[in-house]
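Read the structure below first, then the notes.
We name chains A, B, ... by the order of the sequence lines, and we start the count at 1 in each one. Just so we're clear, the structure is a prediction, and the values are computed from it rather than from any experiment. Quick note: numbers below take in every heavy atom, side chains included, and nothing from hydrogens, waters or symmetry partners.
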There are 2 protein chains.
Amino acid sequence: MSDDLTEMLAPEERPEEKKDVTDLLLHDILTGTLPAGTWLKQIDLERRYDCTRPEVRRALDRLSQRRLVQHNPNRGYQVYELDDQRTREISDIRVILETGVADRMIANVTPAAIAELRGLARQFDEMSFRGSIMEHYDANLAFHRALLLLAGNSELVDVVAEIRQRTVSAPVSQWRTRARIEQSAREHHLMVDALEARDLAELKRLIEIHIRQAPIRA
Amino acid sequence: MSDDLTEMLAPEERPEEKKDVTDLLLHDILTGTLPAGTWLKQIDLERRYDCTRPEVRRALDRLSQRRLVQHNPNRGYQVYELDDQRTREISDIRVILETGVADRMIANVTPAAIAELRGLARQFDEMSFRGSIMEHYDANLAFHRALLLLAGNSELVDVVAEIRQRTVSAPVSQWRTRARIEQSAREHHLMVDALEARDLAELKRLIEIHIRQAPIRA
DNA sequence: TTATCATAAATTGGTGCCAATTCTGGTTAC
DNA sequence: GTAACCAGAATTGGCACCAATTTATGATAA
């Protein structure tokens with residue numbers, strides 16, 4: 001647990017420019033590097049991310065506020081174990097929110113936006129072949145972020161990002177099955193198609209199955 | 001800013017049993033005791049809530065994560081100034097979420113639930129006459145919480161509570177106009193009526209105008 | 001009189017240390 | 001052989017101090 005992980009960072013992170021410890025820890029949890037149930041000992045994290053004790057404590061406190069890690073007083077923090085019910089509930093919320101603004105996406109869509117989304121969808125495709133798991137993860141996030149931005153509600157983008165982060169654990173492992181990834185990639189393109197055709201019902205349908213079938217974050 | 005405020009605490013809080021500082025500060029912001037823009041100096045909060053420096057820092061960090069206070073590095077924290085656009089966006093999100101689960105509320109409603117909601121609505125009414133502003137505030141929260149619980153998605157209850165907290169500031173002042181409060185109280189009862197009659201369209205309509213017309217938290 | 005600069009006060013934020021609690025391993029009693 | 005218990009180690013969490021940055025104040029010069 002205390003081995004050096006800095007090489008696993010995404011290429012765009014220079015080692016010298018220190019990122020926020022909270023983000024580093026968050027990414028390690030999201031990518032499954034630190035699996036559910038893992039005890040997060042302060043001294044280990046301190047060494048692992050080459051940071052100070054207070055920084056570790058702040059990161060742990062923040063993530064426990066977001067219910068990503070569980071805090072056992074006087075015992076420590078551990079990566080939260082996610083139960084199925086919560087996963088389902090969170091998916092439901094995402095479905096309601098994202099299908100709820102589908103009409104606005106269609107209303108605000110422009111040729112430029114279509115082009116951008118197609119580019120992001122293609123980027124996701126590419127990451128399926130080559131690219132680290134984290135790049136893949138980020139590519140997915142970028143696509144969905146751009147899609148949501150079309151709704152014209154920047155607060156919503158934040159809220160969904162936050163909700164999505166609640167459903168960590170059992171994470172990218174599921175992801176790795178080739179079939180699932182390719183299915184997700186196809187759905188990305190289909191969503192852009194529906195958007196371009198201004199087909200509201202189809203877009204809603206796609207969003208729902210896209211969220212539901214890959215329960216975690218597809 | 002450094003005067004003692006402990007007497008202003010709600011009656012149910014005993015002075016000796018210390019509550020979490022984060023909650024105390026949160027309530028003072030929500031009730032408008034600390035208006036938007038106020039600088040939250042650590043030493044003042046320390047004295048005001050009779051707590052230690054690290055506790056103050058943790059509270060400030062948590063609230064800045066929730067975007068209730070703004071953090072200016074090396075300068076301090078201040079209560080967040082809310083702009084109109086964000087307020088509108090947050091209302092939109094609430095409308096989407098709460099109308100999005102209206103059908104489930106109706107599906108899950110029971111006579112017992114109706115009775116409970118009526119009781120909570122009446123409690124809100126009563127608080128309009130007598131009762132502190134904070135009791136009033138809490139009564140409103142309790143009603144909406146119970147309503148949302150009907151949807152059968154406990155995660156949603158948390159999410160909405162969190163979102164609602166984002167739109168602090170310009171807070172209970174608006175509230176105080178008698179007309180607005182009485183209108184809200186009426187709508188509470190109307191919502192229970194619609195629920196009892198299982199009238200989905202009407203319930204959705206009520207939820208939307210209820211959220212929109214009292215933009216902050218009605 | 002006003003603008004600018006230097007100095008001083010105050011506030012934030014980081015570092016290190018220490019107490020309190022919990023966990024581990026070994027020992028003893030039954 | 002098993003269970004309970006006790007001592008030692010390790011970890012968490014709070015506390016006090018100190019450095020760095022910023023703001024306020026006052027003096028000096030134009």
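Picking from C:dT12, D:dT12, D:dG14 the nucleotide with the shortest atom distance to the side chain of B:Arg58 gives D:dG14. In this structure, of C:dT22, D:dT21, C:dT15, it is C:dT15 that holds the atom nearest to the side chain of A:Thr52. Among D:dG14, D:dT21, C:dT22, the nucleotide with an atom closest to any side-chain atom of B:Asn74 is D:dT21. Side-chain proximity of B:His71 to the nucleotides C:dG14, C:dG13, D:dT11 is greatest for C:dG13.
Rounded to whole Å, atom C1' of C:dT11 lies 8 Å from atom CZ of B:Arg53. One atom, NZ of B:Lys41, and another, P of C:dA10, lie 10 Å apart when rounded to the nearest Å. Rounded to an integer number of Å, the gap from CZ of A:Arg75 to P of D:dA10 is 18 Å. A straight line from CG of A:Leu60 to P of D:dG13 spans 9 Å, rounded to a whole angstrom. Atom-to-atom, CG of A:Leu40 to P of D:dT11 comes out at 14 Å; the value is rounded to the nearest Å. In this structure, the CD atom of A:Gln42 is 15 Å from the P atom of C:dG16, given to the nearest Å. The distance between atom CD of A:Glu46 and atom P of C:dC17, rounded to the nearest whole Å, is 13 Å. For the pair B:Tyr77 OH and C:dA10 C1', the computed distance is 17 Å after rounding to whole Å.
Checked by atom type, the side-chain pair B:Gln85/B:Glu89 shows a donor-acceptor distance below 3.5 Å. Between the side chains of B:Gln183 and B:Glu187, at least one donor N or O sits under 3.5 Å from an acceptor N or O.
In plain terms, the two heavy atoms of A:Glu208 and A:Val95 that are nearest each other are CD-CG1, 3.9 Å.
Residue side chain B:Arg57 reaches the base of C:dG13 through a donor-acceptor N/O pair under 3.5 Å, judged by distance alone.
Other residues, nucleotides and ligands contribute at most 12 non-hydrogen atoms within 6.0 Å of the CZ atom of B:Arg145.
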